[in-house]
Structures are given as structure tokens and as C-alpha cells.
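Only heavy atoms go into these numbers, but all of them, side chains included; no hydrogens, no water, no symmetry mates.
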Amino acid sequence: MKSSRALWISDSIFQRMINEAEKWAPYETGGVFMGYQAQNNDLVVTDLIDAGDNATHKYIRFSPDQDYQLEQIAHVYVSSRGTITYLGDWHTHPNSPSEPSLLDKRTLTRIALTPESKNIRPIMAILGGSPTKWTLNVIQFVSGALRPWPFSKCLYIKIEYEIYSE
């Protein structure tokens, strides 16, 4: 997978992100983006998987219900006959900027370096701000290495996003 130029998100999927963010604020939440890479290398989000019922939501982090998410990822992948794949994760930073934290960078690096993710250029979208004003920031992994905390290395690029009406 080559580095992307833009991430395309439908209005309805973006609204689901906002709804989840507002439902859990002031705690963090998040989920998974499923979709495909277009011929021009843009990424298109087709499905959003939420955190799951057994997720843990806290002020400065959240842990998804991994069993639920893996089951949903497999369902979307199989249903699409392999055309819709894992693009990356999204999460919120309530009452904070949408910039990646050290933990976010480490998580993005871990995803990229885990063969089971089948994605060497995952994205991470961070919805920061507050229920009255959310800001989205999307980054894509370029290279990195896992080292003892907090010395992991994560190089990423910022990619633009487009919200479109269906």
C-alpha cells in the first residue's frame, strides 16, 4: 500500500463518529475504519466499526473490545469478498487537540509492524475538541520502530480528508 493523498469519509460515517464522541465525552472512544484504496491512492472509508460493548473508556485513553472489533473486521472483509479491508483506527481526544500523543504514535507503529493487520501504511484519525466543536486530524504511518517506552520511533504524514454527501 502506497502513502495516500486523501481520506474520503461519507457524511453519515462522519456523523456516527461525532455521535460516538458526544455519547462518551468527556471520556475517549474510537473504533476502526474499513474501506479500500482507490487507484489514485486515496483511501475511501466504507464502514465504521465502533469500540464495542466491552470497551473501556477513560479520560485520556480507551481500550476497544478487541474480540468484537476483530469479529466485525472479518465479517466486513468476508462479506465484501476481500475488497473492503482494514484501513486503520480512529479515536477521540475530548477537550484536547487532535494531535497524536506518544501513545498514539506507538499504537500506530505497533499496528503497522503487526503482520496480522495486513496494512503497512495504516491511518489514525483523531477527533479532538469538544461537543460544540470537533476537529479531525488524519495521519498515516510511513516508518518506525518499537523501542522501550517512550522511545519508540514513528514517522507519519498528515493526509487531508474529504467529507462527502452520499
Side-chain angles (χ1 to χ4, degrees), residues 1-9 13 16-17 20-21 24 27-93 96 98-128 136-161:
M1 181 184 268
K2 293 183 179 182
S3 294
S4 303
R5 300 180 324 160
L7 178 73
W8 292 83
I9 306 172
I13 288 177
R16 283 184 57 205
M17 291 171 65
E20 284 292 303
W24 288 103
Y27 302 112
E28 285 194 7
T29 193
V32 169
F33 282 144
M34 298 291 289
Y36 64 92
Q37 187 167 26
Q39 287 183 338
N40 67 355
N41 293 329
D42 285 359
L43 298 174
V44 180
V45 177
T46 60
D47 295 86
L48 176 117
I49 298 169
D50 63 26
D53 290 340
N54 293 321
T56 304
H57 305 269
K58 296 183 178 179
Y59 284 111
I60 57 171
R61 73 184 322 164
F62 95 100
S63 297
D65 180 344
Q66 192 170 31
D67 291 338
Y68 164 80
Q69 287 189 336
L70 290 173
E71 180 181 297
Q72 295 302 307
I73 289 168
H75 174 74
V76 171
Y77 181 79
V78 170
S79 295
S80 72
R81 295 189 174 130
T83 60
I84 305 300
T85 63
Y86 170 80
L87 298 179
D89 292 358
W90 70 275
H91 70 279
T92 61
H93 283 181
S96 297
S98 57
E99 294 302 314
S101 67
L102 287 175
L103 181 58
D104 293 337
K105 293 174 193 176
R106 183 174 178 82
T107 300
L108 185 61
T109 303
R110 184 180 301 116
I111 292 166
L113 299 179
T114 300
E116 292 81 11
S117 78
K118 297 181 179 169
N119 187 342
I120 61 170
R121 298 275 185 263
I123 59 167
M124 179 176 282
I126 302 168
L127 194 59
L136 187 64
N137 183 23
V138 183
I139 61 174
Q140 185 174 40
F141 181 84
V142 174
S143 68
L146 290 174
R147 298 183 178 140
W149 178 263
F151 303 107
S152 290
K153 180 181 174 187
C154 179
L155 298 176
Y156 60 87
I157 58 171
K158 180 178 170 77
I159 61 174
E160 299 303 314
Y161 65 90

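- With no hydrogens or angles considered, a side-chain donor-acceptor pair links Ser101 and Asp104 at under 3.5 Å.
- Taken from CD in Glu28 to OG1 in Thr92, the straight-line distance is 5.0 Å, to the nearest 0.5 Å.
- You'll find the side chain of Pro150 reaches within 4.5 Å of the side chain of Leu102, heavy atoms only.
- More than 12 heavy atoms of other residues, nucleotides or ligands lie within 6.0 Å of NZ in Lys158, so this atom counts as buried by the packing criterion.
- To the nearest 0.5 angstrom, Arg61 atom CZ is 11.0 Å from His93 atom NE2.
- No side-chain heavy atom of Gln72 sits less than 4.5 Å from a side-chain heavy atom of Val32.
- In this structure, Tyr77 places its OH atom where only 12 or fewer heavy-atom neighbours from other residues, nucleotides or ligands lie under 6.0 Å away.
- For the pair Ile159 and Arg5, the minimum side-chain heavy-atom distance is 4.5 Å or more.
- Between the Gln140 side chain and the Ile157 main chain, no donor and acceptor come within less than 3.5 Å of each other.
- Asp47 is linked by a side chain to side chain donor-acceptor pair (under 3.5 Å) to nothing, counting only residues two or more places apart in sequence or in another chain.
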Item to check | Pair Asp42-Trp8, side-chain contact (heavy atoms from CB on, under 4.5 Å): steps then yes or no | outcome: CA-CA 7 Å; Asp42 285 359; Trp8 292 83; 2.8 Å; yes

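- Across every non-hydrogen atom of Leu127 and Ala21, the tightest pair is CD2-CB, 4.0 Å.
- A heavy-atom distance below 4.5 Å is found between the side chains of Arg106 and Leu146.
- Classification of the Trp24-His57 ring pair by plane angle, with boundaries at 30° and 60°, yields parallel.
- In plain terms, the two heavy atoms of Ala112 and Pro122 that are nearest each other are CB-CD, 3.6 Å.
- Annotation for Leu48 and Arg16: closest pair O-NH2, 3.1 Å, computed over non-hydrogen atoms.
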Next on the checklist: Between Trp149 and Leu103, does the side-chain contact (heavy atoms from CB on, under 4.5 Å) criterion hold? Intermediate values first, please.
Outcome noted: CA-CA 9 Å; Trp149 178 263; Leu103 181 58; 4.0 Å; yes

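- Closest of all the heavy-atom pairs between Asp50 and Gln69 is O-NE2, 3.1 Å.
- Considering only residues two or more places apart in sequence or on other chains, Asp89 meets the salt bridge (Lys or Arg N to Asp or Glu O under 4.0 Å) condition with none of them.
- The closest side-chain heavy-atom distance from Thr85 to Asn119 is not below 4.5 Å.
- The minimum heavy-atom distance between Ala51 and Phe62, with the atom names listed, is CB-CE1, 3.8 Å.
- A distance-only check finds a donor-acceptor pair linking the side chain of Arg121 to the backbone of Val142 [under 3.5 Å].
- The line from CG of Asn137 to CH2 of Trp90 is 14.5 Å long, rounded to the nearest 0.5 Å.
- Taking CD from Glu116 and CD1 from Ile73, the interatomic distance works out to 12.0 Å, rounded to the nearest 0.5 Å.
- How far OG1 of Thr46 is from CZ of Phe33: 11.0 Å, rounded to the nearest 0.5 Å.
- The line from CG of Leu136 to OH of Tyr161 is 5.0 Å long, rounded to the nearest 0.5 Å.
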Next on the checklist: Tyr86 vs Lys118, test: side-chain contact (heavy atoms from CB on, under 4.5 Å). Steps then yes/no.
Outcome noted: CA-CA 8 Å; Tyr86 170 80; Lys118 297 181 179 169; over 6 Å; no

Item to check | Stepwise side-chain contact (heavy atoms from CB on, under 4.5 Å) test for Asp67 and Asn54 | outcome: CA-CA 9 Å; Asp67 291 338; Asn54 293 321; over 6 Å; no

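- Thr109 and Lys153 make their closest contact through OG1-O, 3.6 Å (heavy atoms, listed as atom of the first residue, atom of the second, distance).
- Listed for the Ser152 side chain is a donor-acceptor partner under 3.5 Å among the backbone atoms of Arg147.
- Residues Ile139 and Pro100 meet the side-chain proximity criterion, which asks for heavy atoms closer than 4.5 Å.
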